[in-house]
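See structure below.
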Amino acid sequence: MDVDNVFHMTGGTGHTSYTNNSSLQKKASDMVKHITLETVEEVYLKTTPKVLGIADLGCSSGPNTLSIIKDIVETVQTTSRMMNMVSPPQFQVYLNDLPTNDFNSIFKSLPDFSKQLTHHIPSIFIGAYPGSFYGRLFPNNCLHFVYSSYSLHWLSKVPPGLYDEKGMSINKGSIYICESSPKGISEAYLKQFKKDFSLFLGSRSEEVIQGGRMVLIFLGREEHDHHLDRGNSFFWQLLSRSFSVLISKGVVEEEKVDSYDVHFYAPSKDEIEEEVRREGSFELTLLDMFEIEKNSNINYNEMSQGRTIAMTVRAIQESMIAQHFGEDILDTLFEIYANMIDQEIAKQDIRPITFLAVLKKL
């Protein structure tokens with residue numbers, strides 16, 4: 001499947017949109033926001049540019065996108081005043097996602113964004129830059145700070161190593177790494193992650209100034225040698241089981257499910273550190289692992305935890321699933337999925353982990 005031209009968060013403001021189903025991502029980014037803003041402040045004080053270049057890679061759409069930009073702008077403005085700078089910098093904001101992203105929703109919300117700024121409105125120039133971040137996007141040395149939240153666990157494509165010489169999947173019965181997966185499946189995913197992450201770092205090394213910073217937030221796994229934790233991979237196992245229920249009911253064909261694999265990878269701490277070190281353009285100044293706080297109110301409609309997670313996954317995966325299976329299965333599939341998650345959480349907690357990485361351009 002052509003990921004670049006199909007994959008996108010569900011746009012608009014409807015019931016299944018990313019706008020209304022991204023509270024989990026917002027909660028996670030807020031938990032580490034103090035580190036994000038400290039990093040921005042540090043790079044501003046080190047460089048004191050007249051124009052501060054900021055990129056949000058994998059910006060998606062909805063309220064989360066401009067929320068972090070607002071916080072960054074206000075932090076820099078406050079720092080500028082406290083340090084008695086002659087004038088605050090101008091801001092050049094580069095919003096990036098794949099071409100099918102709902103950029104229109106972002107730009108429709110710009111008037112409200114300007115009203116929400118608590119200080120004097122600075123000169124902010126915001127533009128959309130569609131394309132894959134696994135390659136060059138911007139001119140040389142134009143960025144001081146790069147932010148990416150919940151994007152880098154998405155690979156550029158489904159690993160080709162998942163298929164035999166006839167183009168048939170060798171990971172039958174699962175859409176991601178599972179207990180029955182041949183050994184080569186996890187190796188294929190790791191190989192694709194290394195290739196993609198290296199391309200990401202190498203591309204950013206040309207675009208970020210020396211001493212510039214990146215804050216990257218993405219899903220991962222706790223155990224280096226074990227992919228089958230009760231975390232991010234377990235949610236994919238449950239989605240695979242949900243597809244199996246549809247197969248048993250004759251709603252979808254088994255062969256159709258066998259040919260569907262997700263372009264996702266949850267790296268370990270060691271894998272991240274090794275690739276940053278091998279590529280060599282950035283210094284990893286912080287790599288922290290955290291979980292979303294379970295006792296927080298993370299949904300808007302008092303839904304169960306399982307339904308909240310299912311709606312979040314649907315807002316992310318809907319474009320890919322609809323392209324492969326058609327839209328008719330979506331409601332039934334995610335109703336089954338939500339119930340499965342609730343049943344599993346009642347038995348034992350599911351602990352998906354997130355990595356926060358802060359990198360400095362060498």
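We number each residue from 1, following the sequence as shown.
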If I compare all heavy atoms of [X] with all of [Y], which pair ends up nearest, and what's the gap?
X    : Y    : result
I106 : S109 : O-OG, 2.6 Å
G306 : D342 : N-OD1, 2.8 Å
V158 : H263 : N-CB, 3.8 Å
M340 : L238 : SD-O, 3.6 Å
E279 : F282 : OE1-N, 4.4 Å
L239 : F334 : CD1-CE2, 4.4 Å

Quick check against the 3.5 Å criterion: does [X] have a side-chain atom that pairs as donor or acceptor with the backbone of [Y]?
X    : Y    : answer
T332 : I329 : no
S67  : N64  : no
S233 : H227 : yes
R204 : G135 : yes
S22  : Y18  : yes
S148 : L57  : yes
D288 : L356 : no
R230 : Q348 : yes
N20  : T13  : yes
D56  : L95  : no

* Taking the inter-plane angle between the rings of F200 and Y134 on a 0 to 90° scale, is it parallel (under 30°), tilted (30 to 60°) or perpendicular (over 60°)? -> perpendicular
* To do: Kindly assign one of parallel, tilted or perpendicular to the pair Y260 and H324, based on the angle between their ring planes and the thresholds 30° and 60°.
  => tilted
Step through the shown structure and confirm whether more than 12 heavy atoms of other residues, nucleotides or ligands are within 6.0 Å of [atom1] on [X].
X    : atom1 : result
K172 : NZ    : yes
D328 : CG    : no
E273 : CD    : yes

Would [X] end up clustered with [Y] when hydrophobic side chains under 4.5 Å apart are linked, directly or stepwise?
X    : Y    : value
F218 : M289 : yes
M168 : I247 : no
Y129 : L66  : yes
V6   : L155 : yes
I35  : I54  : yes

Between [X] and [Y], do the side chains contain an N or O donor and an N or O acceptor separated by less than 3.5 Å?
X    : Y    : value
R278 : S198 : yes
T354 : Y150 : yes
S60  : D97  : no
D258 : S169 : no
Y265 : E271 : yes

* **Qualifying residue, where the test is side chain to side chain contact (heavy atoms under 4.5 Å, CB included) with E207 and the options are L143, V146, N141** => L143
* State plainly whether the residues R241 and E344 are in salt-bridge range, i.e. N to O under 4.0 Å. => yes
* Decide side chain to side chain contact (heavy atoms under 4.5 Å, CB included) for L359 and L201; before the verdict, give the C-alpha distance in whole Å, the side-chain angles of both, and the deciding distance to 0.1 Å. => CA-CA 10 Å; L359 299 96; L201 294 172; 4.1 Å; yes
* To do: Could you walk me through whether F103 and C59 pass the side chain to side chain contact (heavy atoms under 4.5 Å, CB included) test, one step at a time?
  => CA-CA 9 Å; F103 287 105; C59 66; 4.0 Å; yes
Answer yes or no: is there a side-chain heavy-atom contact under 4.5 Å between [X] and [Y]?
X    : Y    : value
V276 : F197 : yes
V76  : F91  : yes
Y44  : P49  : yes
N339 : R307 : yes
Y147 : I217 : yes
F325 : V257 : yes

* Do R277 and D270 pass the salt bridge (charged side-chain N to carboxylate O under 4.0 Å, His left out) test, and can you show the C-alpha distance, the side-chain angles, and the key distance before you say yes or no? -> CA-CA 10 Å; R277 184 168 52 250; D270 290 346; over 6 Å; no
Looking at [atom1] of [X] and [atom2] of [Y], how far apart are the two atoms once the value is rounded to the nearest 0.5 Å?
X    : Y    : atom1 : atom2 : value
L190 : I185 : CG    : CD1   : 13.0 Å
K108 : D102 : NZ    : CG    : 7.5 Å
S181 : Y176 : OG    : OH    : 10.0 Å
M214 : L152 : CE    : CG    : 8.0 Å
L284 : E275 : CG    : CD    : 12.0 Å
N21  : M9   : CG    : CE    : 12.0 Å

* To do: Would you mind telling me which of W154, F193, Y189, F7 makes a ring pair (Phe, Tyr, Trp, His ring centres under 6.0 Å) with F264?
  => W154
* To do: Mind running side chain to side chain contact (heavy atoms under 4.5 Å, CB included) on K361 and S205 for me, showing each step along the way?
  => CA-CA 7 Å; K361 169 70 183 303; S205 72; 4.2 Å; yes
* From CA spacing to verdict: side chain to side chain contact (heavy atoms under 4.5 Å, CB included), R314, D331 -> CA-CA 9 Å; R314 176 171 179 169; D331 289 343; 2.8 Å; yes
